[in-house]
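As structure tokens, the structure follows; a few thoughts come after it.
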Amino acid sequence: MQFLKVIYLNLMLWGASSFATLDAQSMHLGAEAAGLGNATVAGKGRMGIYANPAALGAVRNQEISATYDTRYGFVEGISTIGAAYIHPLNHSALALSVSRFGDQIFSQHLLSLSYGHQIDQFSVGIRANQHQYHMEGTNTRYATALDIGGIMQMLPSLDFGMSISNLNQPVVSQQTGERVPTTLSSGLCFRPDEKLKTLMEVNYTLEERPLFKVGIAYQPLKSLTFRSGVNTGHLGRFFMGMGLSHSVIDFDYALEAHSVLGISQQFNVIYKIKKGGQK
């Protein structure tokens, strides 16, 4: 399994041996989002913990969650663990999350505080992220980044979302001037009926090709949801997943198929401390 870890880290460093590249590759969390190919910018709900913070404006439940993301066959050192707490307010919600990727060779810790607020057909959100990077043989580095986002209900069945990640382009290395890159995301969420929704998203990062994402969620039963998604690019990825919902506990699972490295999996467990309804 060690050779997979080496290949994985080299691919992340390929073309730009930087902490910023590792950041972009390693911290996509949330099995619900992963099952949809991470096409989440126009989606609403708890996905806003790690995606567009404006999505939190639709959350009405007080809940805690834990997530585990394993890369390519439970390879040691390239997995991510995370936990989050959501506290609903009046037409808004606060979310506190923490996650860790890597091992003693390379690791990234991320502490985030997110806020989303909904006003009629509009939702807005902001997130503050504290990054900590450590690579063996180098000094530990820190960066504070800001994300903002918004979601607008264009039609009863159609939402438009937009977010900007790392708006302030924080400096990671004073020696090289390297910064965490800013990413602009925009997309749509179309709900033709109560059981089906389709999400589309495009990500644009400076000096990189735009990345297109599509996700579909089908809910045949109130307690059961099936998901699938796909990402374009020179290393295409296919996603699928499912969600089980209970009055107290929800469970989400996602599988990602990478054209080069193989299979990854994500698991989410959500405990609803106090249920208030969620859109």
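It should be emphasised that the depicted structure is a prediction, and the values quoted were computed from it without experimental measurement. Throughout, numbering of the chain's residues begins at 1 and tracks the sequence. Any value given below was found using the heavy atoms of this structure, including those in side chains, with hydrogens, waters and symmetry copies removed.
- Between the CD atom in Glu32 and the OG1 atom in Thr225 there is a gap of 8.0 Å [rounded to 0.5 Å].
- With no hydrogens or angles considered, no side-chain donor-acceptor pair links Tyr85 and Glu63 at under 3.5 Å.
- Looking only at distances, no side-chain donor or acceptor of Asn166 sits under 3.5 Å from a matching main-chain atom of Val180.
- There is a side-chain donor-acceptor pair under 3.5 Å between His109 and Arg100.
- Atom CG of Leu199 and atom CG of Leu36 lie 5.5 Å apart (nearest 0.5 Å).
- Atom OH of Tyr68 is separated from atom OG of Ser99 by 14.0 Å, given to the nearest 0.5 angstrom.
- Gln265 and Thr70 are not linked by any side-chain donor-acceptor pair at a separation below 3.5 angstrom, with hydrogens and angles left out of the test.
- Atoms CD and CE, on Gln121 and Met152 in that order, are 10.0 Å from each other to the nearest 0.5 Å.
- In this structure, the side chain of Asn168 engages the main chain of Leu146 through a donor-acceptor pair within 3.5 Å.
- Formation of a donor-acceptor pair under 3.5 Å by the Gln266 side chain with backbone atoms of Asp69 is not found in this model.
- For Lys197, there are no salt bridge (charged side-chain N to carboxylate O under 4.0 Å, His left out) partners, not counting sequence neighbours.
- For the atom pair OH of Tyr204 and CZ of Arg209, the computed distance is 13.0 Å after rounding to the nearest 0.5 Å.
- For the side-chain contact (heavy atoms from CB on, under 4.5 Å) test with Asn129, the passing option among Pro170, Ser165, Ser112, Ser114 is Ser112; the others fail.
- The main-chain N or O of Gly57 is never found under 3.5 Å from a side-chain atom of His91 such that the two would form a donor-acceptor pair.
- Of the possible polar contacts, none joining the Asn203 side chain to the Ala39 backbone as a donor-acceptor pair under 3.5 Å is found.
- The aromatic ring centroids of Phe226 and Tyr218 lie 6.0 Å or more from each other.
- Remark: Asp159 engages Lys44, Arg191 in a salt bridge (charged side-chain N to carboxylate O under 4.0 Å, His left out) (not counting sequence neighbours).
- A donor atom on one side chain and an acceptor atom on the other are not found under 3.5 Å apart for Ser107 and His134.
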